[in-house]
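No hydrogens, no waters, no symmetry mates; every other heavy atom, side chains included, goes into these values.
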Amino acid sequence: MKNTMNNVRLALYHRDHEAGLGAFTLPEEQHEFTALPFEVIQNALERKERHPIVILGDEEPVGFFILDAGEDRSEYSDNPNALLLRAFSIDHRHQGQGYATQSLLGLKEFVKQHFPTADEVVLAVNMRNAAARHVYLKAGFRDEGRTRIGPAGPQHILVLGIS
């Protein structure tokens, strides 16, 4: 496994990231559970409550997600200070190298810096997506036993406290 401990950072999306994100691919079995950046980024840019975040490895885009401060969070949390993490993906070429875990381990500090009123991040992960659930739990998310039905079936709701 490539050592990604020191070269992973999160960044707010900038147009300079567009080409790198546009080259992302996902295996079909993962695409069932998440979206490619180009499929969701324009919608996010048009909505002030959605914040596209780029995972950089050696300053190149290797992953992507959205932090959503909009009304959709109420489906996942009663906390008005929660952020909803959506559309998390790591480009297929960079999977298995630790980028997902390292980026999620840096999420607390990133949220504190860029979203100081947020005190938790919530997400939903499909029950059939055991690999993703494992990564989220390894990075500090908690499974409090809540579930919901999502577009691809039942989902676990996971929570990361920020304080």
Side-chain angles (χ1 to χ4, degrees), residues 1-70 72-73 76 82-118 120-126 128-141 150-152 155-156 158-160 162:
M1 181 189 296
K2 181 178 172 184
N3 180 1
T4 56
M5 298 304 259
N6 298 318
N7 64 352
V8 176
R9 73 178 184 91
L10 299 175
L12 296 169
Y13 169 81
H14 186 275
R15 290 185 64 92
D16 292 347
H17 300 129
E18 200 170 290
L21 294 173
F24 271 39
T25 62
L26 288 173
E28 195 171 320
E29 65 272 11
Q30 291 174 11
H31 197 204
E32 175 185 5
F33 302 125
T34 192
L36 288 162
F38 76 85
E39 295 172 326
V40 294
I41 199 159
Q42 192 55 48
N43 180 273
L45 292 172
E46 292 168 1
R47 298 174 67 176
K48 66 183 186 327
E49 71 276 7
R50 291 193 180 180
H51 307 278
I53 311 299
V54 180
I55 302 165
L56 298 171
D58 292 326
E59 295 306 306
E60 294 297 319
V62 297
F64 176 83
F65 60 93
I66 293 171
L67 289 175
D68 187 346
D72 288 353
R73 350 171 245 184
Y76 305 84
L83 291 172
L84 174 60
L85 188 152
R86 30 182 0 140
F88 186 94
S89 66
I90 300 293
D91 182 16
H92 184 58
R93 296 168 294 180
H94 298 286
Q95 292 181 7
Q97 298 174 34
Y99 289 116
T101 301
Q102 289 307 308
S103 64
L104 292 167
L105 287 170
L107 186 57
K108 280 187 186 186
E109 286 306 313
F110 183 83
V111 169
K112 285 178 189 175
Q113 180 181 354
H114 294 281
F115 306 93
T117 60
E120 79 176 10
V121 175
V122 297
L123 62 82
V125 60
N126 191 285
R128 292 181 288 122
N129 195 352
R133 183 173 180 272
H134 175 77
V135 170
Y136 292 128
L137 294 174
K138 183 176 170 182
F141 280 82
Q155 300 173 317
H156 297 282
L158 305 181
V159 179
L160 179 70
I162 298 300

Handout entry: Exercise: identify the closest heavy-atom pair between Ala152 and Asn126
Key = O-ND2, 2.9 Å
Practice task
I would like to know whether His17 and Leu56 meet side chain to side chain contact (heavy atoms under 4.5 Å, CB included); could you show each step before the answer?
Solution key: CA-CA 9 Å; His17 300 129; Leu56 298 171; 3.9 Å; yes
Exercise for the section: Supply the atom-to-atom distance Asn7 CG to Glu59 CD, rounded to the nearest 0.5 angstrom. Expected result: 9.0 Å
Handout entry: Inter-residue atom distance Leu83.CG - His114.NE2, 0.5 Å rounding
Key = 12.0 Å
Practice task
Please determine, by modelled atom types, if Glu109 and Gln113 share a side-chain donor-acceptor pair under 3.5 angstrom.
Solution key: no
Fill in the blank from the handout: Tightest non-hydrogen contact, residues Leu26 and Ile90, listed as CD2-O, 3.4 Å
Problem - Nearest-0.5 Å distance, OG1 of residue Thr117 to CD1 of residue Ile162 - result: 11.0 Å
Problem - Sub-6.0 Å ring centroid separation between Phe115 and His51 - result: yes
Practice task
For Tyr13 and Glu18, run side chain to side chain contact (heavy atoms under 4.5 Å, CB included): C-alpha distance rounded to whole Å, both residues' side-chain angles, the deciding distance at 0.1 Å, then the answer.
Solution key: CA-CA 8 Å; Tyr13 169 81; Glu18 200 170 290; 3.3 Å; yes
Exercise for the section: May I ask you to check whether over 12 heavy atoms, not counting those of Lys138, lie within 6.0 Å of atom NZ? Expected result: no
Exercise for the section: To the nearest 0.5 Å, tell me how far Tyr136 OH sits from Leu107 CG. Expected result: 10.0 Å
Problem - Side-chain (Asp91) to main-chain (Gly63) donor-acceptor, under 3.5 angstrom - result: no
Practice task
To the nearest 0.5 angstrom, please state how far the CD1 atom of Ile41 sits from the CD atom of Glu46.
Solution key: 11.0 Å
Exercise for the section: Supply the atom-to-atom distance Leu105 CG to Leu10 CG, rounded to the nearest 0.5 angstrom. Expected result: 10.5 Å
Fill in the blank from the handout: Shortest non-hydrogen pair, Ala44 vs Pro52, comes out as CB-CG, 4.0 Å
Handout entry: Partners meeting side-chain hydrogen bond (donor to acceptor under 3.5 Å, both in side chains) with Arg15 (sequence neighbours left out)
Key = none
Handout entry: Beyond-backbone contact of Phe141 with Val125, side-chain heavy atoms, under 4.5 angstrom
Key = no
Handout entry: Min side-chain heavy-atom separation Leu160-Val111 under 4.5 Å
Key = no
Exercise for the section: Report the relative orientation of the aromatic rings in Phe88 and Phe65; use parallel for angles under 30°, tilted for 30 to 60°, perpendicular for over 60°. Expected result: parallel
Handout entry: Taking every non-hydrogen atom, the tightest pair across Pro61 and Phe24
Key = O-CE1, 3.8 Å
Exercise for the section: Determine whether Leu12 and Ile53 make a side-chain contact, defined as any pair of heavy atoms from C-beta on separated by less than 4.5 Å. Expected result: yes
Completion exercise
Residues Ile55 and Tyr99: closest non-hydrogen pair is CG2-O, 4.4 Å
Problem - Test side-chain contact (heavy atoms from CB on, under 4.5 Å) applied to Arg50 and Leu67, Val40, Asp72, the passing residue - result: Asp72
Fill in the blank from the handout: Exactly one of Val54, Leu21, Ile66 clears side-chain contact (heavy atoms from CB on, under 4.5 Å) with Pro37, and that residue is Leu21
Problem - Under 3.5 Å donor-acceptor, Gln155 side chain and Pro151 backbone - result: no
Practice task
Look at the side chain of Arg73 and the backbone N and O of Gly70, then say whether any donor-acceptor pair between them is shorter than 3.5 Å.
Solution key: yes
Exercise for the section: Just jot down the salt bridge (charged side-chain N to carboxylate O under 4.0 Å, His left out) partners of Arg133, sequence neighbours excluded, or say none. Expected result: Asp143
Completion exercise
Residues Ser103 and Val8: closest non-hydrogen pair is N-CG1, 4.0 Å
